Amino acid sequence: MDQQNFFERVYVVARQIPHGRVTTYGAIARAIGAARSARMVGYAMNASHYDDTVPAHRVVNRVGLLTGKHHFNGTNLMQQLLESEGVIVIDNKVQNFQELFWQPPIEEGKMQI
DNA sequence: ATAGTGACATCGG
DNA sequence: GCCGATGCCACTA
């Protein structure tokens with residue numbers, strides 16, 4: 001299928017993020033069965049700029065910090081988008097991150113649970 | 001084929 | 001509890 005590429009797999013999962021929720025790079029990495037490729041998830045997100053169907057602004061690091069905001073239109077666009085969805089963001093950090101955190105469906109076949 | 005890089009995560013001091 | 005260093009894997013040059 002299309003998800004033969006690592007990037008596309010990341011996009012598929014990222015698109016599953018519910019509106020007003022956030023997730024982490026590591027969570028996505030695990031969801032696609034590449035728990036140790038969290039860095040690549042962010043890398044894939046960078047390429048997602050060509051695909052506006054990927055809500056990269058809903059993906060943050062494990063502490064809820066908007067590390068990738070610098071890659072957006074250069075300003076607080078990422079924060080604005082999150083706040084627009086009801087996510088409180090203060091100082092580039094997601095508030096209630098633990099509550100808003102959404103765990104993507106783990107592909108059980110890819111990873112041992 | 002090798003080397004360098006990166007929007008993370010984890011361990012150690 | 002905070003800061004520094006290391007590991008990790010896929011992509012690009």
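Reminder, nothing fancy here: chain letters follow the sequence lines and each chain counts from 1. The shown structure was predicted, so the numbers you read here are calculated from the model rather than taken from an experiment.
The environment of NE2 in A:H70 is sparse: at most 12 heavy-atom neighbours from other residues, nucleotides or ligands sit within 6.0 Å.
Among the protein residues, A:N61 comes within range of the sugar-phosphate backbone only, with heavy atoms under 4.0 Å from sugar or phosphate atoms but none that close to a base. Within the 4.0 angstrom heavy-atom criterion, base atoms lie near A:A56.
At a cut-off of 3.5 angstrom, the base of B:dA7 holds no donor-acceptor pair with the side chain of A:H57.
Judged by distance alone, the side chain of A:T23 and the main-chain N or O of A:W102 form a donor-acceptor pair under 3.5 Å.
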Derivation and outcome, side-chain contact (heavy atoms from CB on, under 4.5 Å), residues A:F101 and A:R21
CA-CA 6 Å; A:F101 176 72; A:R21 290 295 190 95; over 6 Å; no

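Between A:Y43 atom OH and A:Y25 atom OH the span is 14.5 Å, to the nearest 0.5 Å. Note: A:I32 CD1 to A:R9 CZ = 6.0 Å, rounded to the nearest 0.5 Å. In this structure, A:L82 CG and A:Q79 CD are separated by 8.0 Å, a value rounded to the nearest 0.5 Å.
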Any protein N or O atoms within reach of nucleotides 11-13 of chain B? Criterion: under 3.5 Å, listing atom names and distances.
none

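Between the side chains of A:T24 and A:R62, no donor-acceptor pair is found at a separation under 3.5 Å.
For the pair A:K69 NZ and B:dG6 P, the interatomic distance rounds to 19 Å; values are reported in whole Å. The distance between atom CZ of A:F101 and atom C1' of B:dC8, rounded to the nearest whole Å, is 13 Å. Put simply, CZ on A:R62 is 7 Å from P on B:dA9, counting in whole angstrom units. Rounded to an integer number of Å, the gap from A:H71 NE2 to B:dT5 C1' is 12 Å.
The pair A:R58-A:E85 meets the salt-bridge criterion, with a side-chain N (NZ, NE, NH1 or NH2) lying under 4.0 Å from an Asp/Glu carboxylate O.
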For nucleotides 3-13 of chain C, give me one character per nucleotide, 5' to 3': B if any protein heavy atom sits under 4.0 Å from the base, S if the only such contacts are to the sugar-phosphate, - if neither.
----BBBBSS-

